[in-house]
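Counting convention: from 1, in listed order, for ligands and their atoms alike.
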Amino acid sequence: MDDVHEGGCACGAVRYRVKNAPFRTSVCHCKACQRRTGSAFGVGIYFKDEDFELLRGSLKAYEFRSDESSRWLRMEFCTNCGTTVAWTAEVFPGGRAVAGGTFDDTGWLKIERHVWTRSAHHWMAFPPGAERFDKSSMK
Ligand SMILES: [Zn+2]
Ligand SMILES: [Zn+2]
């Protein structure tokens with residue numbers, strides 16, 4: 001079937017499937033994403049909540065408020081290996097983000113925008129033509 005993708009956490013306890021095209025794809029360079037991933041940025045692939053299906057395992061949620069927007073985010077991670085697999089955010093009601101790196105196949109991902117680039121790591125080189133926002137792209 002077209003537009004069906006599966007993925008999971010590092011240990012394999014959590015598996016998920018999404019269908020239909022994401023309504024938003026973004027790379028976030030904010031400090032919170034750098035810290036939560038232990039890396040340089042977060043990759044968010046946003047689907048309608050009903051298009052996300054947990055196939056196996058369970059996710060634990062950790063909620064925090066963005067110190068930039070003061071809106072909540074709930075990161076959902078595998079309780080065994082700690083991989084953040086998905087999250088929900090106050091700013092996208094009815095949506096669920098999947099952490100881009102957890103897809104089995106990442107070749108289909110197209111990143112529309114880079115946000116919070118003002119805190120991007122200094123070595124970050126943006127792809128030519130990438131849409132970039134110093135802060136959030138939300139109005
Ligand atoms: Zn796991
Ligand atoms: Zn972020």
Side-chain angles (χ1 to χ4, degrees):
M1 214 185 335
D2 289 339
D3 278 348
V4 173
H5 301 280
E6 293 191 5
C9 66
C11 78
V14 171
R15 294 288 301 167
Y16 65 81
R17 178 186 295 145
V18 291
K19 62 181 184 191
N20 297 321
F23 66 82
R24 179 188 182 88
T25 63
S26 61
V27 163
C28 183
H29 300 266
C30 82
K31 183 61 189 166
C33 283
Q34 291 171 1
R35 199 180 294 280
R36 71 177 178 77
T37 60
S39 187
F41 48 74
V43 181
I45 312 300
Y46 288 82
F47 295 86
K48 283 192 252 175
D49 199 30
E50 64 259 34
D51 289 344
F52 176 91
E53 182 188 0
L54 196 61
L55 300 175
R56 187 168 79 206
S58 60
L59 293 167
K60 186 173 181 196
Y62 167 70
E63 179 177 317
F64 69 97
R65 278 186 188 274
S66 163
D67 51 5
E68 300 279 7
S69 70
S70 76
R71 292 192 270 213
W72 60 256
L73 294 106
R74 287 189 193 114
M75 313 314 291
E76 299 175 318
F77 58 93
C78 171
T79 55
N80 187 50
C81 70
T83 304
T84 295
V85 167
W87 63 90
T88 53
E90 185 176 356
V91 71
F92 294 119
R96 172 175 255 104
V98 174
T102 64
F103 283 105
D104 296 337
D105 171 19
T106 53
W108 61 279
L109 295 175
K110 292 185 186 67
I111 300 302
E112 295 166 342
R113 76 196 75 210
H114 290 254
V115 299
W116 296 103
T117 59
R118 67 178 188 179
S119 47
H121 284 208
H122 68 87
W123 47 262
M124 178 68 203
F126 295 93
E131 203 176 358
R132 291 157 65 170
F133 300 84
D134 271 4
K135 300 167 80 174
S136 170
S137 63
M138 305 299 289
K139 295 291 172 266

Student: Considering all heavy atoms of both residues, which atom of Cys78 and which atom of Ala13 are nearest to each other, and what is their separation?
Tutor: SG-CB, 4.2 Å

Student: Output yes when Arg65 and Glu90 qualify as a salt bridge under the 4.0 Å nitrogen-oxygen rule, no when they do not.
Tutor: yes

Student: Hey, what do you get for NZ (Lys135) to OG (Ser119), rounding to the nearest 0.5 Å?
Tutor: 11.0 Å

Student: Suppose we screen for side-chain hydrogen bond (donor to acceptor under 3.5 Å, both in side chains). Which residues come up paired with Glu63, at least two apart in sequence or across chains?
Tutor: Arg74

Student: Looking at residues at least two apart in the chain, or sitting in another chain, which of them share a side-chain contact (heavy atoms from CB on, under 4.5 Å) with Phe77?
Tutor: Lys60, Tyr62, Thr84

Student: Side chains of Tyr16 and Arg96: closer than 4.5 Å at any heavy-atom pair?
Tutor: no

Student: For the Zn ion (ligand 1), which protein N/O/S atoms fall under 2.8 Å? Skip waters.
Tutor: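 Listed by chain and number: Cys9 SG, Cys11 SG, Cys78 SG, Cys81 SG.
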
Student: Are Arg24 and Phe92 in a cation-pi setup, meaning NZ or CZ lies under 6.0 angstrom from the ring centre and within 45 degrees of the ring axis?
Tutor: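 No, Arg24 does not lie over the aromatic ring of Phe92.
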
Student: I need the protein N, O or S atoms closer than 2.8 Å to the Zn ion (ligand 2), given as residue plus atom name.
Tutor: Cys28 SG, Cys30 SG, Cys33 SG

Student: Hey, does Trp116 have a side-chain heavy atom less than 4.5 Å from the side chain of Ser136?
Tutor: yes

Student: Is the distance from the ring center of Phe47 to that of His5 below 6.0 Å?
Tutor: no

